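Each chain gets a letter, A, B and so on, in the order the sequences are listed, and its residues count up from 1. Just so it is clear, the structure is predicted and the values come from calculations on it, not from any experiment.
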Amino acid sequence: MINLENIVQTFKKANQNITKRIIVCAGTGCVANGSLEVFKSFVNIAKEMNIDVNIELKGEEKGYFLTKSGCQGFCQNGPLVNILPSGILYIKVKTDDVKEILEESILSDILIDRLCYHNKGKLCKGQSEIPFYQKQCRMVLKQCGVIDPENIKEYIANGGYVAAKKVCGEMTDKEICNMILMSGLRGRGGAGFLTGKKWDLARNQKASKKYVICNGDEGDPGAFMDRSVMEGNPHSVIEGLIIASKATGANEGYIYVRTEYDLAVKRMKKAVKDAIEIGLLGENIFGLNHSFTINVMEGAGAFVCGEETALIASIEGKRGMPSPKPPFPAQSGLWKSPTTINNVETLATIPVIVNRGVQAFRQIGTESSPGTKTFALTGNVLNTGLIEVPLGTTLRHIVFDIAGGVTDENGEVWEENFKSVQIGGPSGGCLTREHLDIPLDFDSLKKVGAMVGSGGLVVMSNKNCMVNMAKFFMQFTQNESCGKCVLCREGTKQMLLILMDITKGSASEDSLFLLEELAKAVEVGSLCGLGRTAPNPILSTLRYFRNEYDAHIKEKKCPAGECVDILSYKITDKCVRCGVCFAKCPVKAISVEHNRHYKINSIKCIKCDVCVASCKFNAIERD
Amino acid sequence: MGLNYNKFEKTCKILEENEFDKSKLISILQGVQEEYKYLPEDILAFIASSLNMPLSKVYGVVTFFSFFTLQPKGKYIIKICDGTACHVKKSTGLIDAIKKKLGLKDDEILTKNMLFSIETVACLGACGLAPVIVVDGVVYGQATPNAVVRLIDNVLKEEKEK
């Protein structure tokens, strides 16, 4: 039988002679920027310099400890290197910096200024001084980016699986469901249904076989919260699943991960394997009367499989098409057995609630939406990345304090650049300047025609066209519509065609009426959430940015200068004939005429914007 | 057509690993695609008969999921992310520049010499680095039309040296 306390003691003992710990972020963002090379370089250079750097702790090693971590959230500034216990955070670390870090910050205690983050010229030593981190409330992500996600012992040493042990040993299934219901936890996957209620429904079913499923099919473009949790702290998801299985009486579980998330799949599989080996999954967990196993399944790239019934069909090896509810999966789900499906973040929140208690959990967030929510912050802001804030935080706080403000094409921050925030992906809506001070929670957002969705926040500046945005999302939903419901299949196609007409400047004034009519029809005439919410981006942009639609239709102009079909580039009198644009144009569309006058050939031009970006004299204009 | 049993050896192994279980069809197809980089028609027929299910059902599953492909792919696969964040950061400019560079027209995704194929994907989850492209599994963040043309040139150069 597994003894958590023993593991904690052994881990602490192994760590007691370690003076410093180096953590290299190995989330997808940092890996793309070369963090694995940095990690290797630490190992090699430490060896060359004869520094005692351990990458694994077996017994009582001395010296320093080097580990990888999951996503630390500050993705734009990767690769990130953290040094504990001092809490130093180095950003954009290259392999060439490794030697210096070892010499200065590991062997002695000197801070390397140039590798630190600077906030408006002021040096920030570590996370505690960087506004991006200071203003968050990291509860679910607390250990993401600190612990080694591939080491189950470290998760346990940080209080892991204590919650699972507690509920398995001390609570009845009814008490667990009640506790989660009292905590007011709402599903983080989008709709915000009460998790406790969902569990209770499954618990009340009389069946010999029940399932719990973790929905990690995070398909929203612009969202990567679940990926980060699965990569950074996979055991928290497994612990949540164990608790869910106990509460609903299930003994088999699935973790359904998008196949595009290579690293998340790999870490999740390893985590499950480790948990089985150590005895946290399998027969009679903790020596008690509860058995539970988990299978990790890779999705095959269909957005609609994020929908519960479609996800179940896909696990059964069929086309992932939704089926009508009721019966709800909690009544008849996977292979017709009662099935509970929860989102990754919801499950990762469960151990937090058990450990902290219902009261403490409810103190964070708002009355009707307690707790925190992670958001993937992207688009035209200074700091993109992964954040966690209490529900009910204002958009202003997120965009201007945490993200550091809206940037223009040169990366400069201008407050007046802010135009809109797209929230909730293809099923969400947009929020404008007037919404900057409303609290972000499930109910307030619904009132203004948006939704929390899975939590993608894309910040748009004046240079982003809202019609184009709506077109983009419609293209996505049209592509991903499974084809079962006529209105969703054909309606999204027709809406997309109308939007294409508008952005090409070939739409008439009747188009808008038709578009609105169609949007409302698709909303009521579709079976699942994909179709029902597909018109949201259109309805919400029509509501707040109708003037942009009008400009495209009546004046044949795109105010943001993004719709390339009604856009042309020209070189103005400001040109000093430096020839930079000529050299930079990837398709050689700029030609030299007599007197070194440059001219853009509009037929060859692919409107890639490189010339505008390269001109130091603002001599190239979009019209 | 004379059956070449060696041809199905790998598929047999994948089927065995999945216990000839119909419900594991997706996992079987994933295994086969990893082996061949695409799903050849005769292998799909083989899988269907091995699992005792109609080929139409297998075909239905294959065409439903975007991960599966019935067409062979190029030696180098360029994935261009067109997720929200990349889109906002002008990924369409990248697509156009790449297509122009490779001489691909309209809906073509494979170059004539079978060297490159391009795919647009909806969000790789590396939004912090937008716009993102992936060439042969390596992620390149904050890509520009110029940089991608250079990348392709480098690949071509390496290919020539081989």
Under 4.5 Å from any heavy atom of chain A, what part of D21(B) do you find: side chain, backbone, both or neither? neither
Where on M321(A) is there a heavy atom nearer than 4.5 Å to chain B: the side chain, the backbone, both, or neither? both
Which bit of L386(A) is near chain B, if near means a heavy-atom gap under 4.5 Å: side chain, backbone, both or neither? neither
For F64(B) versus G320(A), what's the shortest heavy-atom pair and its separation? CZ-O, 3.0 Å
Separation between CZ of R319(A) and NZ of K57(B), rounded to the nearest 0.5 Å: 10.5 Å
Check whether K100(B) gets within reach of chain A through its side chain, its backbone, both or neither, counting any heavy atom under 4.5 Å. side chain
Separation between CD (Q33(B)) and OG1 (T259(A)), nearest 0.5 Å, reads 9.0 Å
With a 4.5 angstrom heavy-atom cut-off, could you sort out which part of S461(A) is near chain B: side chain, backbone, both or neither? neither
Chain B heavy atoms under 4.5 Å from C71(A): which part of the residue, side chain, backbone, both or neither? neither
Contacting region of E298(A) [heavy-atom separation from chain B under 4.5 Å]: both
Any sub-3.5 Å donor-acceptor pair from Q30(B)'s side-chain atoms to G299(A)'s backbone N or O? yes
Does any heavy atom of chain B fall under 4.5 Å from the side chain of F303(A), the backbone, both, or neither of them? neither
Distance col, row H87(B):NE2 vs N464(A):CG, nearest 0.5 angstrom, shows 9.0 Å
Which heavy atom of K318(A) sits nearest a heavy atom of I26(B), and at what distance? O-CD1, 4.2 Å
Ranking E260(A), K584(A), M469(A) by heavy-atom pairs under 4.5 Å to chain B gives rank one to K584(A)
Measure the spacing between NZ of K90(B) and CD of E562(A) and express it to the nearest 0.5 Å. 4.0 Å
Structural part of V304(A) lying under 4.5 Å from a heavy atom of chain B: side chain
Compare every heavy atom of A300(A) with every heavy atom of F65(B), then report the nearest pair and how far apart it is. CB-O, 3.1 Å
Decide if atom NZ of K484(A) counts as having more than 12 heavy atoms of other residues, nucleotides or ligands within a radius under 6.0 Å. yes
Kindly give the heavy-atom pair with the smallest separation between S66(B) and G301(A), and that separation in Å. OG-O, 2.7 Å
For K99(B), I'd like to know if atom NZ has over 12 heavy atoms of other residues, nucleotides or ligands within 6.0 Å. yes
Please classify the contact of A376(A) with chain B as side chain, backbone, both or neither, using a heavy-atom distance under 4.5 Å. neither
Under a 4.5 Å cut-off applied to non-hydrogen side-chain atoms, are D82(B) and F472(A) in contact? yes
